[in-house]
Amino acid sequence: MTKSQSQATADTNTNEEPVTVTFEDGIAWVTLNRPAKRNCINPAIVYRMCDILNDLESDDRCKVLVLTGAGDAFSAGMDLREYFRATDDKPAERLKLFRANGQWQWRQLRHYAKPTIAMVNGWCFGGAFTPVIACDLAIAADDATFGLSEINWGIIPAGVVNRAVSQLMRERDGMYYVMTGETFSGKRAAEIGLVNESVPLEDLRARTTQLAKVLMEKNPAVLRTAKVSYRIASEMTWEQGADYLMAKHAQSVIEDPENGRNVGMSQFLDDKTYRPGLGSYKRDVK
Ligand code: COA
(Lines give C-alpha, C1' and ligand atoms only; values in the text may rest on other atoms or scores of the structure.)
Protein backbone atom coordinates (compact mmCIF):
# COMPACT_ATOMS: atom_id res chain seq x y z
CA MET A 1 0.00 0.00 0.00
CA THR A 2 1.59 3.28 -1.06
CA LYS A 3 1.41 6.68 0.62
CA SER A 4 -0.25 8.10 -2.48
CA GLN A 5 -3.07 5.58 -2.13
CA SER A 6 -3.67 6.70 1.43
CA GLN A 7 -3.64 10.34 0.40
CA ALA A 8 -6.06 9.62 -2.41
CA THR A 9 -8.61 8.44 0.12
CA ALA A 10 -7.83 11.03 2.80
CA ASP A 11 -10.60 12.14 5.13
CA THR A 12 -12.51 14.81 3.31
CA ASN A 13 -13.88 16.37 6.48
CA THR A 14 -10.60 17.34 8.11
CA ASN A 15 -6.97 18.08 7.29
CA GLU A 16 -5.80 16.18 10.35
CA GLU A 17 -3.59 13.12 9.93
CA PRO A 18 -5.95 10.13 10.30
CA VAL A 19 -3.31 8.36 12.38
CA THR A 20 -0.42 9.89 14.28
CA VAL A 21 2.84 8.24 15.30
CA THR A 22 5.06 9.56 18.06
CA PHE A 23 8.22 7.95 19.39
CA GLU A 24 9.21 7.99 23.03
CA ASP A 25 11.92 5.86 24.65
CA GLY A 26 11.51 2.94 22.27
CA ILE A 27 7.71 3.05 22.17
CA ALA A 28 5.90 3.98 18.96
CA TRP A 29 2.54 5.43 20.03
CA VAL A 30 0.21 4.85 17.09
CA THR A 31 -2.94 6.87 17.64
CA LEU A 32 -6.14 6.65 15.60
CA ASN A 33 -6.84 10.31 15.19
CA ARG A 34 -10.43 11.17 14.32
CA PRO A 35 -11.63 12.06 17.80
CA ALA A 36 -14.65 14.04 16.55
CA LYS A 37 -15.80 10.81 14.85
CA ARG A 38 -14.77 8.68 17.82
CA ASN A 39 -11.90 7.34 15.69
CA CYS A 40 -14.21 5.20 13.62
CA ILE A 41 -12.21 3.50 10.89
CA ASN A 42 -12.58 5.08 7.44
CA PRO A 43 -10.57 4.37 4.27
CA ALA A 44 -7.97 6.99 5.21
CA ILE A 45 -7.24 5.18 8.48
CA VAL A 46 -7.19 1.79 6.74
CA TYR A 47 -4.62 2.74 4.09
CA ARG A 48 -2.56 4.82 6.50
CA MET A 49 -2.38 1.98 9.02
CA CYS A 50 -1.09 -0.40 6.32
CA ASP A 51 1.74 2.03 5.55
CA ILE A 52 2.51 2.71 9.21
CA LEU A 53 2.71 -0.94 10.19
CA ASN A 54 4.98 -1.65 7.22
CA ASP A 55 7.24 1.25 8.10
CA LEU A 56 7.49 0.63 11.84
CA GLU A 57 8.46 -3.00 11.46
CA SER A 58 11.89 -1.89 10.25
CA ASP A 59 12.15 1.38 12.21
CA ASP A 60 14.63 1.12 15.09
CA ARG A 61 12.82 3.84 17.03
CA CYS A 62 9.97 1.35 17.48
CA LYS A 63 10.83 -1.40 19.94
CA VAL A 64 7.23 -1.79 21.12
CA LEU A 65 4.14 -0.60 19.26
CA VAL A 66 1.19 0.76 21.24
CA LEU A 67 -2.12 1.21 19.43
CA THR A 68 -4.57 3.66 20.94
CA GLY A 69 -7.12 6.36 20.10
CA ALA A 70 -7.27 10.14 20.43
CA GLY A 71 -9.81 11.75 22.75
CA ASP A 72 -12.40 9.69 24.57
CA ALA A 73 -12.53 6.77 22.13
CA PHE A 74 -10.24 3.91 21.21
CA SER A 75 -12.38 3.41 18.11
CA ALA A 76 -16.12 3.31 17.41
CA GLY A 77 -15.49 0.52 14.89
CA MET A 78 -15.87 0.73 11.15
CA ASP A 79 -17.13 4.01 9.69
CA LEU A 80 -20.74 3.35 8.75
CA ARG A 81 -20.72 6.19 6.25
CA GLU A 82 -17.32 5.99 4.55
CA TYR A 83 -16.47 2.29 4.94
CA PHE A 84 -19.92 0.79 4.39
CA ARG A 85 -22.49 3.10 2.77
CA ALA A 86 -20.05 4.87 0.45
CA THR A 87 -18.92 1.56 -1.05
CA ASP A 88 -22.35 -0.09 -1.36
CA ASP A 89 -22.42 0.39 -5.14
CA LYS A 90 -18.65 0.19 -5.71
CA PRO A 91 -17.78 -3.50 -5.43
CA ALA A 92 -14.23 -3.18 -6.76
CA GLU A 93 -13.39 -0.34 -4.39
CA ARG A 94 -15.03 -2.20 -1.53
CA LEU A 95 -13.04 -5.37 -2.19
CA LYS A 96 -9.79 -3.42 -2.20
CA LEU A 97 -10.75 -1.57 0.97
CA PHE A 98 -11.93 -4.64 2.87
CA ARG A 99 -8.75 -6.50 1.90
CA ALA A 100 -6.59 -3.61 3.08
CA ASN A 101 -8.52 -3.48 6.34
CA GLY A 102 -7.89 -7.18 6.95
CA GLN A 103 -4.28 -6.53 6.09
CA TRP A 104 -3.60 -4.08 8.92
CA GLN A 105 -6.19 -5.23 11.46
CA TRP A 106 -5.01 -8.81 11.72
CA ARG A 107 -2.75 -10.13 8.94
CA GLN A 108 0.00 -7.65 9.81
CA LEU A 109 -0.75 -7.20 13.50
CA ARG A 110 -1.21 -10.83 14.54
CA HIS A 111 2.30 -11.82 13.53
CA TYR A 112 3.97 -8.46 13.87
CA ALA A 113 7.75 -8.50 14.27
CA LYS A 114 7.65 -6.10 17.23
CA PRO A 115 5.65 -6.58 20.45
CA THR A 116 2.26 -4.84 20.29
CA ILE A 117 -0.03 -3.51 23.01
CA ALA A 118 -3.58 -2.24 22.49
CA MET A 119 -4.24 0.58 24.95
CA VAL A 120 -8.03 0.88 25.05
CA ASN A 121 -8.74 4.31 26.41
CA GLY A 122 -12.50 4.58 25.76
CA TRP A 123 -15.23 3.51 23.32
CA CYS A 124 -14.38 0.26 21.50
CA PHE A 125 -16.99 -1.16 19.14
CA GLY A 126 -17.44 -3.76 16.43
CA GLY A 127 -14.57 -3.77 13.94
CA ALA A 128 -12.26 -2.23 16.54
CA PHE A 129 -12.28 -5.54 18.43
CA THR A 130 -10.15 -7.12 15.70
CA PRO A 131 -6.97 -5.06 16.17
CA VAL A 132 -7.38 -5.24 19.97
CA ILE A 133 -7.47 -9.04 19.74
CA ALA A 134 -4.68 -9.12 17.15
CA CYS A 135 -2.31 -7.15 19.38
CA ASP A 136 -0.17 -9.32 21.63
CA LEU A 137 -1.35 -7.69 24.84
CA ALA A 138 -4.11 -5.26 25.77
CA ILE A 139 -4.77 -2.92 28.66
CA ALA A 140 -8.02 -1.01 29.05
CA ALA A 141 -9.23 1.85 31.15
CA ASP A 142 -11.58 0.52 33.85
CA ASP A 143 -14.38 2.64 32.41
CA ALA A 144 -13.74 2.01 28.72
CA THR A 145 -16.88 0.82 26.95
CA PHE A 146 -16.77 -2.23 24.71
CA GLY A 147 -19.61 -3.42 22.51
CA LEU A 148 -20.28 -5.85 19.68
CA SER A 149 -22.94 -3.49 18.41
CA GLU A 150 -23.34 -5.00 14.95
CA ILE A 151 -26.57 -6.78 15.91
CA ASN A 152 -28.00 -3.38 16.92
CA TRP A 153 -27.82 -2.06 13.40
CA GLY A 154 -28.62 -5.14 11.40
CA ILE A 155 -25.36 -6.83 10.50
CA ILE A 156 -23.30 -9.68 11.91
CA PRO A 157 -19.82 -9.18 13.40
CA ALA A 158 -18.12 -9.83 10.08
CA GLY A 159 -14.80 -8.75 8.68
CA VAL A 160 -13.14 -11.27 10.94
CA VAL A 161 -14.71 -10.09 14.21
CA ASN A 162 -16.64 -13.26 15.10
CA ARG A 163 -13.55 -15.35 14.36
CA ALA A 164 -11.33 -13.11 16.45
CA VAL A 165 -13.79 -12.97 19.35
CA SER A 166 -14.15 -16.76 19.40
CA GLN A 167 -10.37 -17.04 19.68
CA LEU A 168 -10.23 -15.14 22.96
CA MET A 169 -13.60 -15.25 24.66
CA ARG A 170 -15.29 -18.24 26.24
CA GLU A 171 -18.20 -19.31 24.06
CA ARG A 172 -20.85 -18.27 26.59
CA ASP A 173 -19.39 -14.75 26.84
CA GLY A 174 -18.78 -14.40 23.13
CA MET A 175 -22.27 -15.57 22.18
CA TYR A 176 -23.81 -13.35 24.86
CA TYR A 177 -22.21 -10.16 23.61
CA VAL A 178 -22.57 -11.04 19.90
CA MET A 179 -26.27 -11.79 20.35
CA THR A 180 -27.28 -9.02 22.77
CA GLY A 181 -25.03 -6.19 21.60
CA GLU A 182 -24.83 -5.22 25.28
CA THR A 183 -21.94 -2.97 26.24
CA PHE A 184 -19.40 -3.90 28.90
CA SER A 185 -16.67 -2.07 30.79
CA GLY A 186 -12.89 -2.34 30.68
CA LYS A 187 -13.06 -4.09 34.05
CA ARG A 188 -15.40 -6.71 32.61
CA ALA A 189 -13.17 -7.04 29.51
CA ALA A 190 -10.32 -7.97 31.87
CA GLU A 191 -12.50 -10.46 33.79
CA ILE A 192 -13.42 -12.31 30.60
CA GLY A 193 -9.91 -12.25 29.15
CA LEU A 194 -10.48 -9.85 26.28
CA VAL A 195 -7.74 -7.63 27.72
CA ASN A 196 -4.96 -8.49 30.14
CA GLU A 197 -5.98 -5.98 32.76
CA SER A 198 -7.78 -2.73 33.34
CA VAL A 199 -6.60 0.26 35.31
CA PRO A 200 -8.02 3.69 36.10
CA LEU A 201 -7.84 5.96 33.05
CA GLU A 202 -5.34 8.28 34.74
CA ASP A 203 -2.92 5.35 35.16
CA LEU A 204 -3.43 3.85 31.71
CA ARG A 205 -0.49 5.42 29.89
CA ALA A 206 1.92 4.88 32.79
CA ARG A 207 0.96 1.22 33.13
CA THR A 208 1.25 0.69 29.38
CA THR A 209 4.68 2.31 29.37
CA GLN A 210 5.76 0.12 32.29
CA LEU A 211 4.66 -3.02 30.44
CA ALA A 212 6.38 -1.88 27.24
CA LYS A 213 9.62 -1.42 29.20
CA VAL A 214 9.42 -4.98 30.50
CA LEU A 215 9.12 -6.20 26.91
CA MET A 216 12.04 -4.01 25.83
CA GLU A 217 14.31 -5.75 28.35
CA LYS A 218 13.87 -9.06 26.53
CA ASN A 219 15.94 -10.36 23.65
CA PRO A 220 13.94 -9.00 20.66
CA ALA A 221 14.73 -11.82 18.21
CA VAL A 222 13.66 -14.48 20.70
CA LEU A 223 10.62 -12.48 21.82
CA ARG A 224 9.47 -12.27 18.23
CA THR A 225 9.77 -16.02 17.67
CA ALA A 226 8.16 -16.77 21.05
CA LYS A 227 5.04 -14.74 20.34
CA VAL A 228 4.58 -15.70 16.69
CA SER A 229 5.13 -19.41 17.40
CA TYR A 230 2.66 -19.28 20.31
CA ARG A 231 -0.14 -18.27 17.98
CA ILE A 232 0.80 -20.57 15.12
CA ALA A 233 1.26 -23.58 17.43
CA SER A 234 -2.14 -22.95 19.03
CA GLU A 235 -3.76 -23.94 15.73
CA MET A 236 -1.79 -27.19 15.35
CA THR A 237 -2.19 -30.67 16.79
CA TRP A 238 0.14 -31.49 19.70
CA GLU A 239 2.36 -33.63 17.46
CA GLN A 240 2.60 -30.91 14.83
CA GLY A 241 3.11 -28.29 17.54
CA ALA A 242 5.97 -30.20 19.16
CA ASP A 243 7.74 -30.69 15.84
CA TYR A 244 7.20 -27.11 14.71
CA LEU A 245 8.31 -25.66 18.04
CA MET A 246 11.45 -27.79 18.06
CA ALA A 247 12.31 -26.37 14.63
CA LYS A 248 11.50 -22.78 15.68
CA HIS A 249 13.59 -23.24 18.82
CA ALA A 250 16.59 -24.37 16.76
CA GLN A 251 16.05 -21.53 14.30
CA SER A 252 15.79 -18.91 17.03
CA VAL A 253 19.03 -20.09 18.66
CA ILE A 254 20.89 -20.10 15.33
CA GLU A 255 19.52 -16.73 14.22
CA ASP A 256 19.82 -14.87 17.53
CA PRO A 257 22.46 -12.16 17.10
CA GLU A 258 22.81 -11.88 20.90
CA ASN A 259 23.45 -15.59 21.39
CA GLY A 260 21.06 -15.21 24.31
CA ARG A 261 20.72 -18.88 25.20
CA ASN A 262 24.43 -19.37 25.81
CA VAL A 263 24.94 -15.98 27.44
CA GLY A 264 22.00 -16.59 29.78
CA MET A 265 23.12 -20.11 30.66
CA SER A 266 26.64 -18.96 31.33
CA GLN A 267 25.52 -16.07 33.55
CA PHE A 268 23.42 -18.53 35.60
CA LEU A 269 25.51 -21.70 35.66
CA ASP A 270 29.08 -20.32 35.53
CA ASP A 271 29.05 -16.70 36.72
CA LYS A 272 26.03 -17.11 39.03
CA THR A 273 25.12 -13.48 38.40
CA TYR A 274 21.38 -13.86 37.83
CA ARG A 275 18.41 -16.19 38.16
CA PRO A 276 16.46 -16.89 34.95
CA GLY A 277 13.34 -17.59 37.00
CA LEU A 278 13.35 -14.02 38.26
CA GLY A 279 14.29 -11.86 35.26
CA SER A 280 16.20 -11.45 31.99
CA TYR A 281 19.90 -12.17 31.59
CA LYS A 282 22.14 -9.11 31.37
CA ARG A 283 22.08 -8.13 27.72
CA ASP A 284 25.07 -6.44 26.15
CA VAL A 285 23.06 -3.75 24.38
CA LYS A 286 24.52 -0.41 23.35
N1 COA B 1 -19.44 5.32 11.85
C2 COA B 1 -19.67 6.55 11.37
N3 COA B 1 -19.74 7.65 12.16
C4 COA B 1 -19.56 7.46 13.48
C5 COA B 1 -19.32 6.21 14.05
C6 COA B 1 -19.24 5.09 13.17
N7 COA B 1 -18.97 3.85 13.59
N8 COA B 1 -19.19 6.36 15.38
C9 COA B 1 -19.34 7.66 15.62
N10 COA B 1 -19.56 8.34 14.48
C11 COA B 1 -19.76 9.78 14.31
C12 COA B 1 -21.19 10.20 14.61
O13 COA B 1 -22.02 10.00 13.49
C14 COA B 1 -20.97 11.66 14.95
O15 COA B 1 -20.79 12.39 13.76
P16 COA B 1 -21.42 13.87 13.59
O17 COA B 1 -20.70 14.70 14.63
O18 COA B 1 -21.07 14.23 12.19
O19 COA B 1 -22.87 13.72 13.87
C20 COA B 1 -19.63 11.66 15.69
O21 COA B 1 -18.96 10.47 15.27
C22 COA B 1 -19.76 11.60 17.19
O23 COA B 1 -20.61 10.52 17.52
P24 COA B 1 -21.74 10.63 18.64
O25 COA B 1 -22.64 9.47 18.45
O26 COA B 1 -22.34 11.97 18.64
O27 COA B 1 -20.81 10.47 19.96
P28 COA B 1 -21.23 9.95 21.41
O29 COA B 1 -20.02 10.21 22.24
O30 COA B 1 -22.53 10.48 21.83
O31 COA B 1 -21.38 8.35 21.24
C32 COA B 1 -20.71 6.18 20.42
C33 COA B 1 -20.26 7.56 20.95
C34 COA B 1 -19.43 5.45 20.05
C35 COA B 1 -21.47 5.40 21.52
C36 COA B 1 -21.64 6.36 19.18
O37 COA B 1 -21.04 7.28 18.28
C38 COA B 1 -21.92 5.07 18.42
O39 COA B 1 -22.78 4.30 18.83
N40 COA B 1 -21.16 4.84 17.33
C41 COA B 1 -21.34 3.63 16.53
C42 COA B 1 -20.65 2.46 17.21
C43 COA B 1 -20.83 1.18 16.41
O44 COA B 1 -21.90 0.59 16.40
N45 COA B 1 -19.76 0.72 15.78
C46 COA B 1 -19.74 -0.52 15.08
C47 COA B 1 -19.25 -0.34 13.71
S48 COA B 1 -18.70 -1.90 13.06
Side-chain angles (χ1 to χ4, degrees), residues 9-20 31-49 67-90 93-95 97-106 109 118-135 138 140-169 173-189 194-195 198 201 204:
T9 52
D11 193 338
T12 45
N13 301 321
T14 166
N15 293 323
E16 294 287 326
E17 275 290 311
V19 185
T20 63
T31 306
L32 306 178
N33 188 38
R34 301 178 73 210
K37 300 288 183 188
R38 307 301 180 262
N39 307 319
C40 67
I41 298 163
N42 67 349
I45 287 187
V46 168
Y47 291 119
R48 192 73 195 100
M49 278 303 304
L67 179 67
T68 190
D72 62 4
F74 174 77
S75 168
M78 308 318 296
D79 187 318
L80 274 63
R81 186 188 306 280
E82 294 186 39
Y83 188 84
F84 289 113
R85 187 190 273 171
T87 60
D88 275 348
D89 53 357
K90 296 176 185 149
E93 193 177 310
R94 167 171 283 192
L95 182 62
L97 178 61
F98 282 22
R99 278 223 182 102
N101 192 52
Q103 183 65 20
W104 86 265
Q105 284 200 337
W106 59 278
L109 264 184
M119 186 176 90
V120 184
N121 49 307
W123 304 114
C124 180
F125 285 100
F129 273 55
T130 303
V132 170
I133 292 170
C135 280
D142 288 339
D143 296 330
T145 301
F146 290 80
L148 290 164
S149 54
E150 287 90 337
I151 198 75
N152 296 338
W153 61 279
I155 69 163
I156 66 165
V160 79
V161 176
N162 259 350
R163 176 67 184 86
V165 164
S166 68
Q167 182 81 29
L168 269 196
M169 285 199 201
D173 293 323
M175 291 287 268
Y176 183 89
Y177 291 115
V178 165
M179 294 173 73
T180 64
E182 204 174 279
T183 58
F184 54 98
S185 68
K187 270 193 177 160
R188 176 80 183 136
L194 178 59
V195 299
S198 75
L201 180 61
L204 184 60

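What you see is a predicted model; the values in this text were computed from it and never measured. Remember, it's 1-based here, ligands and their atoms both numbered in the order they're listed.
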Does an N or O from Met78, backbone or side chain, lie closer than 3.5 Å to an N or O of ligand 1?
-> yes
Distance from atom 34 (C) of ligand 1 to nearest protein heavy atom, with residue and atom = Phe125 CE1, 3.6 Å
Does Leu95 reach the side chain of Thr87, with side-chain heavy atoms less than 4.5 Å apart?
-> no
Would you confirm whether Asn33, through its side chain, and Thr20, through its main-chain N or O, come within 3.5 Å as a donor-acceptor pair?
-> no
Atom 38 (C) of ligand 1 protein-contacted (non-hydrogen atom, under 4.0 angstrom) | no
Is atom 25 (O) of ligand 1 close to the protein, meaning a heavy atom under 4.0 Å from it?
-> no
May I ask whether Ala36 places a heavy atom under 4.0 Å from ligand 1?
-> yes
Backbone N/O of Thr31 and side chain of Thr68: donor-acceptor pair under 3.5 Å | no
Min N/O separation Cys40 to ligand 1 under 3.5 Å = no
Nitrogen or oxygen of Arg81 less than 3.5 angstrom from that of ligand 1 = no
For atom 31 (O) of ligand 1, what's the nearest protein heavy atom and its distance?
-> Trp123 CZ2, 4.2 Å
Say you draw a straight line from CG of Asp79 to CZ of Arg34; how long is it, rounded to the nearest 0.5 Å?
-> 5.0 Å
What residue and heavy atom of the protein are closest to atom 40 (N) of ligand 1, and at what distance?
-> Ala76 CB, 4.2 Å
Among Glu82, Lys37, Arg85, which residue places a heavy atom closest to atom 9 (C) of ligand 1?
-> Lys37
Under 3.5 Å, side chain of Arg38 to main-chain N/O of Pro35, donor-acceptor pair present?
-> yes
For the student: nearest non-hydrogen atoms of Ala141 and Leu201, plus distance = CB-CD1, 3.8 Å
Taking the side chain as C-beta and beyond, is there a heavy-atom pair between Asp72 and Trp123 under 4.5 Å?
-> yes
Atom CZ in Phe184, atom CG in Leu194: separation rounded to 0.5 Å?
-> 5.0 Å
Between Gly126 and ligand 1, is there a nitrogen or oxygen pair with a distance under 3.5 Å?
-> no
Answer yes if a protein heavy atom lies under 4.0 Å from atom 47 (C) of ligand 1, otherwise answer no.
-> yes
Is there at least one protein heavy-atom neighbour under 4.0 Å from atom 14 (C) of ligand 1?
-> no
State the atoms of ligand 1, each with its element, that fall below the 4.0 Å cut-off from a heavy-atom position in Gly127.
-> 48 (S)
Just need the protein heavy atom nearest to atom 29 (O) of ligand 1, so name the residue and atom and give the distance.
-> Arg38 NE, 3.0 Å
Are any of the protein's heavy atoms under 4.0 angstrom from atom 19 (O) of ligand 1, yes or no?
-> no
What about the rings of Phe84 and Trp153, do their centers lie closer together than 6.0 Å?
-> yes
So, is Glu150 polar-close to ligand 1, with some N/O to N/O distance under 3.5 Å?
-> no
Are the ring centres of Tyr83 and Phe98 closer than 6.0 Å?
-> yes
Is atom 1 (N) of ligand 1 less than 4.0 angstrom from at least one protein heavy atom?
-> yes
Under the side chain to side chain donor-acceptor pair (under 3.5 Å) rule, what do Arg99 and Gln103 come out as? Steps first, then yes or no, please.
-> CA-CA 6 Å; Arg99 278 223 182 102; Gln103 183 65 20; over 6 Å; no
From the candidates Pro157, Ser149, Gly77, the one that places a heavy atom nearest atom 44 (O) of ligand 1 = Ser149
